[in-house]
Each structure stands twice: as structure tokens, then as C-alpha cells.
Visitor: 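Shown below is the structure under consideration.
Along the sequence shown, residues carry numbers from 1.
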Amino acid sequence: MGKVYHVAKGGSDHGNGDAGHPFATIQRAADIAIAGDTVIVHGGEYREWVRPRNGGLDANCRVTYQAAEGEKVVIKGSERIDTWEPAGEQVWRATLENSFFGDYNPYATEISGDWLVDPRDHAVHTGDVYLNGVSLFESADLKGVQNPVKREYSPYETWEMRRERIWNAEESLMQWYCENDSERTTIYANFGGLDPNEELVEINVRPCCFYPDRRGLDYITVRGFEMAQAATNWAPPTAYQVGMLGPNWAKGWVIENNILHDSKCSAISLGKEDTTGDNEFTKYHRKPGYQYQMEAVFRAADIGWSREQTGSHIVRGNRIYNCGQTGIVGHMGCIFSEIYDNEIYHIATKHEFYGHEIAGIKLHAAIDVQIHDNHIHHCSLGTWLDWQAQGTRVSRNLYHHNDRDFMIEVTHGPYLVDNNIFASPYSIVNAAQGGAYAHNLVMGFMVQYPVLNRSTPYHYPHSTKVMGTVPTYGSDDRWYQNIFVGGGEKDRNYGTDAYEGAAVSMEEYIERYWQAGAADIETYESIKQPAYINHNIYLQGAAGFTREKDSWSGTDGDYIKLVEEEDGIYLEAVLGKGAFELLTEQIGTKCLGRPRITEAAYENPDGAPVVIRTDLLGKAIPPVPVPGPLQGLRQGKNRIQLRTTAGSNWRR
């Protein structure tokens with residue numbers, strides 16, 4: 001048994017940290033806690049960046065940080081400012097010495113990095129200003145504070161990115177602007193007629209709330225905290241990815257039952273360390289960002305990137321919201337992790353900046369990562385898996401009211417997507433190959449395309465060791481026992497009809513190769529990979545692959561829809577007899593085969609055969625299952641509760 005240290009408001013860092021003499025700061029306990037020790041933090045607000053000094057020895061001998069049971073503990077990356085002075089009509093000014101910020105001034109640090117697209121004409125800083133807990137908008141100049149106008153959408157926002165704002169028109173008029181020189185930083189703000197010295201006004205001053213400043217501190221548990229208002233920077237896969245909370249390239253962390261919100265960019269980082277590259281594309285432009293990312297993978301291998309050194313984290317039961325870039329981000333450091341029972345929402349919906357690394361969950365190299373039982377909604381993009389999502393499983397998640405629900409890009413399989421509900425009008429972007437989709441409900445349109453100008457890595461099964469690199473030819477996908485729902489967008493694919501023209505077996509594909517001239521890479525680029533599609537249901541105009549042997553298309557009276565009510569989210573459906581007469585089977589390793597490129601089996605992370613045994617709500621899947629994610633569906637009318645309003649665990 002290790003020691004137990006206590007931290008409490010009113011304590012003293014000169015005490016011994018026992019229950020009767022608690023420390024005043026979490027950092028004091030973090031300086032001395034070692035493997036086997038527990039740090040219990042009592043109720044209150046702690047404005048500090050906690051940097052653990054030691055990690056655990058293994059999964060059973062950890063360093064544990066937890067909020068005291070039943071007590072609210074908040075760690076903030078901000079400080080309260082109550083020295084505002086009038087500086088014009090409804091404009092206030094606060095001037096701070098730069099020494100106030102220490103070695104990191106968020107109001108002199110611009111959000112920047114690879115694949116950041118917008119804005120280009122003015123700076124957006126990692127700092128922010130909060131009025132009674134709500135972040136204000138940064139103005140491009142002082143005139144915007146003096147004469148604020150309702151914010152418009154960025155020119156980079158396409159139609160599918162539009163959604164109801166969580167900030168109303170009045171809040172968008174409350175803006176701030178900063179100036180600084182070698183000695184002072186001045187922040188101007190419009191608080192909509194409120195006196196900031198009487199309200200709670202806070203500004204970001206720290207980049208993190210709980211994040212080691214060195215690598216390799218393994219087996220740490222962080223449990224039960226609220227963390228907010230960190231000045232994190234943009235975190236692309238070619239950068240040092242820092243989050244408000246995270247392990248910093250370590251192994252075996254457990255991050256559970258926390259409330260995480262208002263990180264400028266990312267809440268949790270399971271991502272890349274700094275020695276393998278840090279925004280070289282943006283700094284130098286000598287090579288494409290793609291090439292720097294490829295180099296990062298091989299550089300990571302040189303420093304020991306493996307199951308033994310990093311990953312295998314558990315992220316569960318957290319509520320994550322109001323972050324500018326991602327709820328959870330990671331490149332390579334996320335391998336072999338499990339992310340489940342989280343609620344993630346309002347990610348990248350403020351639209352102060354935009355780039356190509358935005359999502360509720362955005363992971364690169366998610367090798368054998370299991371993402372399941374999450375509720376992800378009202379995000380610019382729900383989940384985006386990019387590069388090397390090999391052995392990854394996305395299962396039993398509920399997606400809705402996102403600009404897009406799910407995207408997978410330039411990865412080669414095997415990966416498994418099963419028993420999810422994709423309920424947004426734009427459901428899936430598939431720029432990958434070698435995927436297996438089973439028992440999903442897809443209620444929006446899908447986009448599928450090859451990517452032939454980027455060759456990306458694939459790995460030996462259940463390993464970080466690179467086996468080769470290859471372009472993404474598209475297809476080589478399996479679609480078994482899903483339900484598709486049509487929609488109103490013209491020239492969109494609401495079912496499996498995007499696979500028209502594909503072969504239906506490897507034998508047929510190889511025959512087409514011979515017919516196309518049997519040359520080298522140019523032949524493979526010219527022919528579609530096979531598609532394996534069967535036992536799907538198509539409703540409300542969704543169209544299927546014409547060579548699908550056994551499917552069912554509903555009549556005009558058949559439908560499925562999501563309904564939100566005060567006590568939760570329900571699925572309502574009317575299905576005819578034919579939906580229950582398909583000769584389906586239990587899906588698993590045996591029937592899924594192997595992707596053409598990786599030639600690896602669809603398996604569990606431990607190498608055992610995978611069998612899809614339970615549906616979205618945990619109900620057992622029988623030998624002859626019903627298509628879709630709910631085995632409780634019956635002929636005729638259905639109404640099934642998917643989520644209650646209580647708690648982040650949305651399962652019944």
C-alpha cells in the first residue's frame with residue numbers, strides 16, 4: 001500500500017499532506033507522489049498546471065489523482081481579472097505586466113501549425129476571455145470591440161459545416177482584442193453592458209491543466225476532476241500535440257469520469273511528442289506536410305514507438321465539450337487504447353479558426369484502438385480516423401447533429417465499424433480501404449473516394465512495425481447487415497450504390513486485372529477493388545449495390561427516425577415483414593476475410609477471432625440477427641430509448 005496525500009483549499013504546502021494537514025496545491029503532492037500513492041483533492045477551485053514528477057510501475061501499481069468523493073474539484077488554466085478600466089462606450093481595458101504570464105503568454109502566442117487553414121488575414125491567439133464561464137469572441141482589431149457586429153461564417157465553411165450555434169447573436173457581439181509589447185499586455189473587451197469587475201471574468205494564462213512536462217511517466221490515473229480554460233495550441237499530427245490533459249508520450253494512463261471543457265484547441269491529447277517533428281511544414285515549406293508526417297512515423301520507430309513504450313490508455317466516462325479543435329486528439333501515442341462511455345459535444349463549433357485536424361475524436365495511427373459506447377453530437381466532425389487505423393474498432397456509438405459523423409482516411413484495414421447509429425444528414429466519409437461495416441444504422445449520405453497521390457503506411461498485425469506503404473485505391477470494403485435511410489440531397493449516395501462497378505470476389509478482381517493488361521501499379525490504379533455487400537436494408541429511397549444477393553427495400557410506409565424528448569433520445573421505426581426474413585448470420589473473423597493490401601485478419605487486439613456478439617444497447621446478437629444496431633426491432637411500430645438525460649452513459 002502506498003501513501004495517501006490530501007490537498008485542500010486552506011491547506012499548506014509546508015504540511016505533510018495527511019488528512020489533518022493537507023497541501024494547498026495539487027502540484028505539491030505531484031512533486032512527491034510515487035508509484036502506489038494516491039492524491040485526493042478536496043473541493044474547490046485550483047488555478048494551476050499540474051505536472052506530475054513520477055509515474056507508476058505497472059497497471060496495478062499506479063499514481064492516482066482523484067477528486068474527493070462527492071466534492072467538486074475544478075482545475076483551471078485561467079486567472080480571474082478584476083482590474084478592468086473603462087476605455088470607451090461599453091469597452092473595458094486590462095493592462096498586465098508580461099511577467100504575470102511567466103514563460104508563456106497566450107496573448108502573444110498565435111494559434112498556428114500544419115494544416116491550419118483559416119484565418120489568414122488576422123491572428124487568433126491561444127488566449128481567451130470568459131464572462132461568467134462563457135468564452136467571448138476574439139476580434140481582429142480594436143474597432144471590432146468598439147463597434148461589434150454579428151459574426152459571419154468563415155469562407156472555408158461548406159454547407160455541411162453549418163449548424164445551430166451554441167453562441168447566440170448577443171454573445172457574438174461580446175468580443176475582445178489584445179495588444180502587447182516587450183513589457184505589457186493589454187486586453188480590450190466588450191462585455192455587453194456588464195461591469196467586468198462585478199462579474200466573473202477570467203483569462204487563459206496556462207497551456208495545460210494536468211500534463212507532464214517530460215515524457216515517459218507511465219501508469220497514472222486522473223479521476224473525477226473538472227478541468228477548463230487552458231490555452232492549448234493547434235495539434236496536427238506533425239506537431240508536439242499538447243492537450244489540457246494528457247500523458248505526454250507515456251503508457252497505461254486511465255482518464256476517467258472527468259468534465260473537460262473550454263480548451264482553446266484540444267481537451268485530451270494522447271499524441272505525438274516533440275522530437276519527431278514540430279510543424280516543420282509550416283516553418284520551412286521545403287516538403288509537403290504529408291512527407292513530414294511520414295518521416296514522423298519512422299522517427300518514432302527510431303525512438304522505440306511500440307506497445308511497450310506508449311499507448312494502452314483508457315479514456316472513459318468523461319464529458320468533453322466547448323473545445324476549439326478536438327475533444328480527444330492523438331498521433332501514434334494513442335495505440336492500443338480504449339475510448340468508451342464518453343459524451344463529446346460542441347467541438348469546433350465556435351468557428352474562430354478552421355483547419356484539417358478537427359473532430360470530437362481525431363486520431364492518427366490508431367492501431368488496435370477500440371472506440372465504443374460513446375455519445376458524440378453537435379460537433380463539426382464526430383470521429384476522424386486518419387492514417388494507420390489498423391485493427392481499430394468503432395462500435396456501439398451514437399452520432400447525431402454533427403456536420404459529419406464519421407470519417408476514415410488513407411488507411412488500409414482491417415478495421416471494423418459495427419452497431420453504430422450515424423444519424424446526421426452527412427454520415428460517413430470513406431477515403432480508405434479494407435473496412436468492415438456491420439449492423440450500423442446510416443441515416444445520412446456517404447462519400448467514398450480513392451486517394452492515389454499519397455502512399456501511407458500499413459503494419460504487421462497488432463504491431464507498430466511498418467510492413468509497407470501504399471496508396472488508397474478505395475473499396476475492398478464489407479457492408480453486411482446494415483440499415484440505410486435515404487435523404488433529400490440530390491446526387492448523393494444514401495446506400496451502397498457508390499460501389500457500382502466493383503467486383504464481388506477476389507477471383508473476379510484478379511480476372512479484371514488480367515483483362516486490363518496485367519501491368520504493374522498503373523493497372524491496379526485503373527480497376528476497382530472488390531466490394532462485399534449483403535443482407536442490408538434500404539429505406540426511404542436509399543439505393544443498394546445492384547449485385548447484392550439478398551437485401552430488402554422498404555415500402556413507402558417503412559421509416560426510421562431519431563426523436564429527442566425531455567427524458568432522452570428515442571429511435572422510432574416502422575418496418576415490414578421483409579426486414580426480418582433476410583438469411584443473416586453472426587458477423588466475425590470467419591466471414592470477413594482479409595483486406596487485399598494488408599492481408600491481415602479482422603481480429604481482437606489480442607489476436608483472438610472477433611465475433612460481433614452484442615448490439616448497440618448490449619443485447620445479445622442471435623445466430624440469425626436482425627440487420628442494424630438494435631436486435632429489439634420488431635415488425636410494425638417500434639419505439640426504443642437510446643439515451644436518458646441523466647449522466648454521460650447513454651445506454652439504458
Visitor: Between atom CD of Gln175 and atom CG of Leu136, what is the distance when rounded to the nearest 0.5 Å?
Guide: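 Nearest 0.5 Å value for the CD-CG distance: 9.0 Å.
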Visitor: Identify the heavy atoms of Asn248 and Tyr240 that sit nearest to each other, and give their distance.
Guide: ND2-OH, 3.2 Å
Visitor: For side-chain hydrogen bond (donor to acceptor under 3.5 Å, both in side chains), just list the numbers for His412 and Thr456, CA-CA rounded to whole Å, side-chain angles, deciding distance to a tenth of an Å, and then say yes or no.
Guide: CA-CA 9 Å; His412 316 294; Thr456 57; 2.8 Å; yes
Visitor: When you measure from the side chain of Tyr513 to the backbone N and O of Ala518, does any donor-acceptor pair fall under 3.5 Å?
Guide: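 Checking the backbone N and O of Ala518 against the side chain of Tyr513, a donor-acceptor pair under 3.5 Å is found.
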Visitor: Heavy-atom count check: over 12 atoms from other residues, nucleotides or ligands less than 6.0 Å from Lys283 NZ?
Guide: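 For Lys283, atom NZ is crowded (more than 12 foreign heavy atoms under 6.0 Å).
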Visitor: Can you find a pair of side-chain heavy atoms, one from Tyr509 and one from Met506, that are under 4.5 Å apart?
Guide: yes
Visitor: Looking at Tyr449 and Ala432, would you say the former's side chain and the latter's main chain have a donor-acceptor pair under 3.5 Å?
Guide: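 Side chain of Tyr449 to backbone of Ala432: no pair is present.
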Visitor: Going by atom types only, do Trp234 and Gln325 share a side-chain donor-acceptor pair under 3.5 Å?
Guide: no
Visitor: Scan residues 292-305 for pairs that pass side chain to side chain donor-acceptor pair (under 3.5 Å), counting only residues two or more places apart or in two chains.
Guide: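 Every pair satisfying side chain to side chain donor-acceptor pair (under 3.5 Å) with a residue in residues 292-305: Lys287-Glu295.
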Visitor: Has Asp103 got more than 12 heavy atoms of other residues, nucleotides or ligands less than 6.0 Å from its CG?
Guide: no
Visitor: Using atom types as modelled and distance alone, determine if a side-chain donor or acceptor of Asn374 lies under 3.5 Å from a backbone N or O of Ile339.
Guide: yes
Visitor: Report yes if the side chains of Asn233 and Pro207 come closer than 4.5 Å at any heavy-atom pair, otherwise no.
Guide: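 SC-SC contact between Asn233 and Pro207 ruled out.
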Visitor: Looking only at non-hydrogen atoms, find the nearest pair between Ala250 and Thr310 and report the distance.
Guide: O-OG1, 3.1 Å
Visitor: Are Leu381 and Tyr426 side-chain neighbours, meaning at least one heavy-atom pair lies under 4.5 Å?
Guide: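 The answer is no; the side chains never approach within 4.5 Å.
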Visitor: Looking only at non-hydrogen atoms, find the nearest pair between Cys334 and Ala366 and report the distance.
Guide: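 That closest heavy-atom pairing would be SG-CA, 3.9 Å.
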Visitor: Which of these passes ring-ring contact (aromatic ring centres under 6.0 Å, His included) with Tyr345: His400, His377, His401, His378?
Guide: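 Only one option passes, and that is His377.
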Visitor: Over all heavy atoms of both residues, which pair between Leu116 and Ile111 is shortest? Give the atoms and the distance, please.
Guide: CD2-O, 3.4 Å
Visitor: Apply side-chain contact (heavy atoms from CB on, under 4.5 Å) to the pair Asn279 and Ser112, showing each step before the final yes or no.
Guide: CA-CA 9 Å; Asn279 291 310; Ser112 63; 5.9 Å; no
Visitor: Would you please test Arg478 and Asp476 for salt bridge (charged side-chain N to carboxylate O under 4.0 Å, His left out) and show each step?
Guide: CA-CA 7 Å; Arg478 294 106 177 104; Asp476 194 18; 3.2 Å; yes
Visitor: Testing Tyr602, Trp479, Phe422 one by one against Tyr437 for a ring-ring contact (aromatic ring centres under 6.0 Å, His included), which residue passes?
Guide: Trp479
Visitor: Just by distance, with hydrogens left out, do Ser139 and His122 show a side-chain donor and acceptor under 3.5 Å apart?
Guide: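 Ser139 vs His122: no donor-acceptor pair found between side chains.
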Visitor: In the structure I gave you, are the side-chain heavy atoms of Phe281 and Gln291 within less than 4.5 Å of one another anywhere?
Guide: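 They are not in contact (no side-chain heavy atoms under 4.5 Å apart), so the answer is no.
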Visitor: I need the Phe353 CZ to Glu110 CD distance, nearest 0.5 Å.
Guide: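 With rounding to 0.5 Å, CZ (Phe353) is 13.0 Å from CD (Glu110).
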Visitor: Have Thr126 and Tyr104 got a donor and an acceptor in their side chains that come within less than 3.5 Å?
Guide: yes
Visitor: Which value, rounded to the nearest 0.5 Å, describes the distance between Ile255 atom CD1 and Ile314 atom CD1?
Guide: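 Between atom CD1 of Ile255 and atom CD1 of Ile314 there are 10.5 Å.
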Visitor: Spell out, as yes or no, whether a donor-acceptor pair under 3.5 Å connects the side chain of Asn397 to the backbone of Asn420.
Guide: no
Visitor: Is the backbone N or O of Ser337 less than 3.5 Å from a side-chain atom of Ser312, with the two atoms forming a donor-acceptor pair by type?
Guide: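 Not at all, since once roles are kept as given, no pair shorter than 3.5 Å links the two residues.
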Visitor: Any side-chain donor-acceptor pair under 3.5 Å between Thr464 and Ser306?
Guide: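 No.
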Visitor: Donor-acceptor check, side chain of Asp141 to backbone of Lys143, threshold 3.5 angstrom: yes or no?
Guide: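 Yes, Asp141 side chain to Lys143 backbone: donor-acceptor pair under 3.5 Å.
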Visitor: Below 4.0 angstrom, N of the basic side chain to O of the carboxylate: do Arg53 and Asp213 qualify?
Guide: yes
Visitor: Nearest 0.5 angstrom please: Ile187 CD1 to Cys178 SG, how far?
Guide: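 With rounding to 0.5 Å, CD1 (Ile187) is 6.5 Å from SG (Cys178).
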Visitor: Output, in order, the C-alpha distance, side-chain angles, deciding distance and verdict of side-chain contact (heavy atoms from CB on, under 4.5 Å) for Ile428 and Val442.
Guide: CA-CA 8 Å; Ile428 296 174; Val442 183; 4.2 Å; yes
Visitor: Check the side chains of Tyr177 and Tyr107 for a donor-acceptor pair under 3.5 angstrom, ignoring hydrogens and angles.
Guide: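 Side chains of Tyr107 and Tyr177: no pair found under 3.5 Å.
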Visitor: Output yes when Glu352 and Lys264 qualify as a salt bridge under the 4.0 Å nitrogen-oxygen rule, no when they do not.
Guide: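 Yes, Glu352 and Lys264 are salt-bridged.
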Visitor: Taking Glu357 for the side chain and Trp115 for the main chain, is one N or O donor matched with an acceptor at less than 3.5 Å?
Guide: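 Side chain of Glu357 to backbone of Trp115: no pair is present.
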Visitor: Glu338 and side chain to side chain donor-acceptor pair (under 3.5 Å): which partner among His372, Gln370, Arg393?
Guide: His372
Visitor: Spell out, as yes or no, whether a donor-acceptor pair under 3.5 Å connects the side chain of Asn430 to the backbone of Gln448.
Guide: no
Visitor: Centroid-to-centroid, His346 to Tyr321, below 6.0 Å?
Guide: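 Ring centroids of His346 and Tyr321 are no less than 6.0 Å from each other.
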Visitor: Quick one: does Thr598's side chain get under 4.5 Å of Pro414's, heavy atoms only?
Guide: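 Yes - at least one pair of side-chain heavy atoms lies under 4.5 Å apart.
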Visitor: Taking it one step at a time, do Arg454 and Trp387 satisfy side-chain contact (heavy atoms from CB on, under 4.5 Å)?
Guide: CA-CA 10 Å; Arg454 282 185 287 164; Trp387 287 47; 4.1 Å; yes
Visitor: Is the NZ or CZ atom of Lys528 both under 6.0 Å from the centre of the six-membered ring of Tyr499 and within 45° of that ring's axis?
Guide: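 No.
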Visitor: Can you tell me how far the CD1 atom of Ile203 sits from the OG atom of Ser78, to the nearest 0.5 Å?
Guide: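 Here the interatomic distance stands at 8.5 Å.
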Visitor: Thr232 and Met244: which non-hydrogen atoms are nearest, and at how many Å?
Guide: CG2-N, 3.5 Å
Visitor: State, to 0.1 Å, how close Asn54 and Ile220 come at their nearest heavy-atom pair, and which atoms those are.
Guide: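 Heavy-atom minimum between the residues: O-CD1, 3.7 Å.
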Visitor: Within 45° of the ring axis of Tyr473 and under 6.0 Å from its six-membered ring centre, is that where the NZ or CZ of Arg596 lies?
Guide: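 The answer is yes; both the distance and angle limits are met.
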Visitor: Side chains of Asn105 and Asn180: do they bring a donor and an acceptor to under 3.5 Å?
Guide: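 Checked: Asn105/Asn180 side chains show no N/O donor-acceptor pair below 3.5 Å.
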Visitor: Tell me if a side-chain donor or acceptor on Asp386 pairs with a main-chain N or O of His364 at a distance below 3.5 Å.
Guide: no
Visitor: Ignoring hydrogens and geometry, is there a side-chain-to-backbone donor-acceptor pair from Gln241 to Ala235 under 3.5 Å?
Guide: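 Checked: pair present.
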